[in-house]
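Position 1 is the first residue of the sequence; numbering continues from there.
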Amino acid sequence: MHGSGSVRGVSPSDLRRINERVVLEAMAPGERYRVTELMRSTGLTRVTVTDVLRQLQDKGWVAAQASSGGRGRPAQVFSRVVAEGLVGGLDLGAYEVAASVADLSGTVLARDRATVHPDLPRAQRLSCAAELLDELLARTGNSTSQLWSVLAATTGTVTETGTVSRSVAIPDWAGTDLARELGDRLDVPVEVRNDIQLLGRAEHLWGAAAGYQHALLVWLGRRPAVSLILRGRPYTGAHGTAGDLSRVGLGPSDTSWRGRGRWLPDLDRGTGEDPLPPLLHAARAGDEAALDVLGRWLQDLAPFISLFAAVVDPEVIVLGGPLVPLAKSLVPVLEDDLAAHLQQRPPIRIASGGSDAVVDAAARFAGERLHSRLMDNGGNGVARLDRSALHELTAGGHRT
């Protein structure tokens with residue numbers, strides 16, 4: 001006898017919702033499928049697949065065409081629709097804000113950036129980012145009415161709801177509800193992610209860490225940081241701060257830097273001007289002093305990366321960030337250090353995208369997230385592939 005706590009069986013409507021997502025996830029955008037192919041990949045019957053395809057056509061996700069060639073009556077083939085529209089990416093840093101625009105297939109169409117001061121008040125930094133995105137849309141012949149959603153990447157610890165709980169790099173960033181404040185300015189759904197964690201996820205989906213179950217991404221920038229992929233999933237730790245090195249020194253006994261977390265100390269001389277571009281420019285031009293500063297910094301960082309690798313045991317180490325153009329100087333040093341300290345030395349790969357890697361990842365991931373959101377639809381079956389449906393689903397278009 002079953003008590004009052006017994007689990008209810010799956011209803012026909014539940015099965016339809018499940019089957020819609022199963023079929024949709026089996027279809028890659030741009031590919032064409034026969035019913036028999038979808039039957040094999042999903043394990044569903046012909047009747048079920050045919051019924052689900054009809055439902056997905058009604059919701060705008062699937063288009064049907066007659067196949068060409070062969071004898072007799074042409075069989076139908078089905079493709080997953082790529083809707084018309086745009087998504088935006090933002091990279092909100094201490095010295096720069098950047099914006100990018102992508103179509104819903106994930107192709108980045110344009111990007112731009114603006115220099116800001118670390119002490120710029122929060123409201124002005126956010127307005128600068130929103131205006132930059134608006135200008136980028138206008139410059140590419142588009143309008144805000146074509147924008148479905150935005151994903152913002154930023155420095156600091158970010159909560160699931162899009163609030164920055166802590167920030168070392170931007171003085172007044174902590175406590176900022178970026179999802180709400182940017183959503184108010186842009187009038188679209190906004191999600192927020194930590195910049196380095198987002199880049200690690202992007203490299204695992206589309207970049208140098210694709211296909212690996214365990215990866216360590218090392219960000220070489222004004223402050224180094226790491227991002228972890230464990231068992232094929234991003235790992236952010238108990239409090240969402242795994243890999244955040246902003247408050248730690250290079251090692252337990254390190255006294256070479258004056259001030260914890262100042263990884264390239266005194267380079268800005270307290271002016272608030274970004275020290276990295278002129279330093280990189282000088283190093284590329286062969287300036288011995290600049291090369292010496294960066295060389296010593298990279299050599300000091302190598303044992304730290306080895307320590308992380310020894311703890312995590314990754315299949316691959318991916319190097320990203322603005323210092324990557326100097327990776328030729330780092331890789332041999334890092335390889336020697338890894339060989340000396342690890343039982344199994346992982347290969348070293350270079351992340352794609354250069355200085356635009358984070359903002360481009362934000363735009364591409366915005367597209368991934370909006371499709372996932374519409375497919376999930378709060379457990380109510382796949383929603384219509386429609387901009388207004390997304391905005392209704394995300395509480396008035398301000399957050400997801």
Side-chain angles (χ1 to χ4, degrees), residues 195-232 234-235 242-246 248-254 256-257 261 263-265 276 279-358 361:
D195 49 6
I196 310 307
Q197 292 175 0
L198 174 69
L199 183 59
R201 180 72 180 274
E203 286 298 313
H204 185 239
L205 288 173
W206 309 299
Y212 293 98
Q213 290 293 301
H214 306 279
L216 172 64
L217 179 128
V218 181
W219 176 260
L220 303 176
R222 299 165 187 86
R223 293 178 177 84
V226 300
S227 179
L228 303 171
I229 300 292
L230 300 179
R231 295 189 176 91
Y235 178 78
D244 181 355
L245 309 180
S246 60
V248 299
L250 285 173
S253 61
D254 177 26
S256 62
W257 305 119
W263 295 85
L264 295 174
L276 209 50
L279 183 67
L280 285 173
H281 179 76
R284 288 172 176 169
D287 183 273
E288 292 296 332
L291 287 169
D292 183 59
V293 168
L294 290 172
R296 284 187 286 106
W297 181 80
L298 294 174
Q299 287 179 346
D300 286 341
L301 187 58
F304 202 73
I305 298 173
S306 292
L307 177 60
F308 254 98
V311 173
V312 176
D313 187 23
E315 297 172 275
V316 65
I317 295 175
V318 179
L319 304 181
L323 292 178
V324 159
L326 300 175
K328 289 183 179 178
S329 302
L330 171 64
V331 170
V333 175
L334 180 55
E335 286 178 335
D336 290 344
D337 205 273
L338 291 170
H341 294 104
L342 300 184
Q343 297 185 41
Q344 186 70 37
R345 187 183 71 183
I348 300 171
R349 303 281 185 262
I350 303 300
S352 58
S355 60
D356 297 315
V358 171

Arg284 side, atom CZ; Leu279 side, atom CG - distance, nearest 0.5 Å: 10.5 Å
Write down the atom of Ala202, the atom of Ala361, and the distance for their closest heavy-atom approach. CB-CB, 3.5 Å
I want to check something: taking the side chain as every heavy atom from C-beta on, are Leu334 and Val218 in contact at a cut-off of under 4.5 Å? no
Could you walk me through whether Leu319 and Ile348 satisfy the side chain to side chain contact (heavy atoms under 4.5 Å, CB included) test, starting with their C-alpha distance in whole Å, then the side-chain angles of each, then the deciding distance to 0.1 Å, before giving a yes or no? CA-CA 7 Å; Leu319 304 181; Ile348 300 171; 3.8 Å; yes
Between Gln197 and Ala242, which heavy-atom pair has the shortest distance, and what is it? NE2-O, 3.9 Å
How long is the straight-line distance from CZ of Phe308 back to CG of Leu301, given to the nearest 0.5 Å? 10.5 Å
Distance-minimising heavy-atom pair for Pro314 and Pro346: O-CB, 3.4 Å
Heavy-atom side-chain contact between Ile229 and Pro234 under 4.5 Å: yes
Mind running side chain to side chain contact (heavy atoms under 4.5 Å, CB included) on Val358 and Trp219 for me, showing each step along the way? CA-CA 11 Å; Val358 171; Trp219 176 260; 3.9 Å; yes
Determine the minimum heavy-atom distance between Pro303 and Asp337, stating which atoms define it. CA-OD1, 3.3 Å
Give the minimum heavy-atom separation between Ile350 and Ala208, together with the two atoms involved. O-CB, 3.8 Å
Minimum heavy-atom distance between Ala309 and Leu338, given as atom pair plus value: CB-CD2, 4.1 Å
d(Ser306 OG, Asp336 CG) to nearest 0.5 Å is 10.0 Å
Test item: Leu228 and Leu216 side chains (from C-beta on) under 4.5 Å apart, heavy atoms: yes
Short question: side chain of Glu315, backbone of Gln213 - any donor-acceptor pair under 3.5 Å? yes
Are the side chains of Leu323 and Leu280 in contact, using a 4.5 Å heavy-atom criterion? yes
